[in-house]
Structure formats: structure tokens, C-alpha cells
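Take a look at this one; I'll ask things after.
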Amino acid sequence: FYDPNDIIDLCIQARDVLIKAEGKSRHLTASGEKVFSSDIIPSLGKNYMTESSRKAGIKAYTQYIHYYALCGLLEAILSNKLNVSLTTLAKDLPDNIENQENHWDHKKFV
């Protein structure tokens with residue numbers, strides 16, 4: 001079995017490779033989209049990656065890395081490793097969250 005810490009480290013490395021590839025594409029698709037090959041992203045092998053796929057990959061890796069970190073924070077709070085109660089934490093959070101689609105008031109209440 002794999003150690004979750006090792007998996008996250010691999011996600012961070014993979015994301016960093018995708019981030020560093022920005023602006024290094026030398027090829028374009030017929031529609032003009034940038035294309036990356038193994039000369040820029042070695043792990044592609046004989047495959048290629050479009051700019052939109054590179055950006056989607058960065059987003060996916062980042063979301064999973066954040067999810068992992070937030071799960072760790074929640075675990076630390078619930079096990080009282082941080083000496084912080086959820087009630088205290090919720091009271092300190094801002095009420096004016098920009099993205100109201102998150103239904104922040106409800107989540108804060110819960």
C-alpha cells in the first residue's frame with residue numbers, strides 16, 4: 001500500500017512540472033492551442049498535452065492537495081491537537097465571503 005504522504009508529494013511534484021512548463025510550448029494544434037510534448041514534460045512519454053489540459057491538471061492537483069491539507073486540519077481540530085474548538089473557530093470566520101454560492105452562512109452554522 002502507498003503512504004498518503006508520498007502520494008501527496010508526487011502530486012506536488014507533478015503539479016510543479018506542469019506549472020514550470022508554462023510558456024515553453026513550441027507546437028500548436030490546428031486550432032492554435034499550445035501543445036506540450038515529452039521534451040518539455042518528460043513524464044508524457046510519446047503522448048502530448050494541450051494547454052487546456054495542462055491548466056486542468058494544475059487545478060486538479062491543487063484541489064486534491066488542498067483537500068488533503070484541509071482534512072489534516074480537520075483531523076487535528078477534532079482530536080484537539082490544536083486546542084481549538086469548532087465553535088470558537090466558526091465564530092472567528094468572516095461573514096463576508098465573496099462567493100455566496102457556497103452558502104457560507106449554512107456551512108458556518110453547521
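Values below: every heavy atom of this structure, side chains too, minus hydrogens, waters and symmetry copies.
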ILVMFWY cluster, I41 and I58 together (side-chain gap under 4.5 Å): yes
Minimum heavy-atom distance between R54 and L18, given as atom pair plus value: NH1-O, 2.7 Å
ILVMFWY cluster, L44 and V35 together (side-chain gap under 4.5 Å): no
Side-chain donor or acceptor of E33 paired with backbone N/O of S52 under 3.5 Å: yes
Donor-acceptor contact below 3.5 Å, side chain S53 vs main chain M49: no
ILVMFWY network linking I8 to Y67, side-chain heavy atoms under 4.5 angstrom: yes
S37 vs H27, side-chain contact (heavy atoms from CB on, under 4.5 Å): CA-CA, chis, key distance, verdict: CA-CA 9 Å; S37 59; H27 308 287; 4.3 Å; yes
Salt bridge (charged side-chain N to carboxylate O under 4.0 Å, His left out) partners of R15, counting only residues at least two apart: none
Expected output: side-chain K24 to main-chain K20 donor-acceptor under 3.5 Å: yes
Considering all heavy atoms, the nearest S38-G45 contact: CB-O, 3.0 Å
Partner residues of Q13 under the side chain to side chain contact (heavy atoms under 4.5 Å, CB included) criterion, sequence neighbours left out: L10
From D9 atom CG to I65 atom CD1, the distance as rounded to the nearest 0.5 Å: 9.5 Å
Atom pair OG/CG of S25 and D39 - distance to nearest 0.5 Å: 9.0 Å
I19 CD1 to K55 NZ distance, which is reported to the nearest 0.5 Å: 12.5 Å
Exercise: do N5 and Y68 side chains pair donor with acceptor under 3.5 Å: yes
Those residues that, when tested against D6, pass salt bridge (charged side-chain N to carboxylate O under 4.0 Å, His left out) (two or more places apart): none
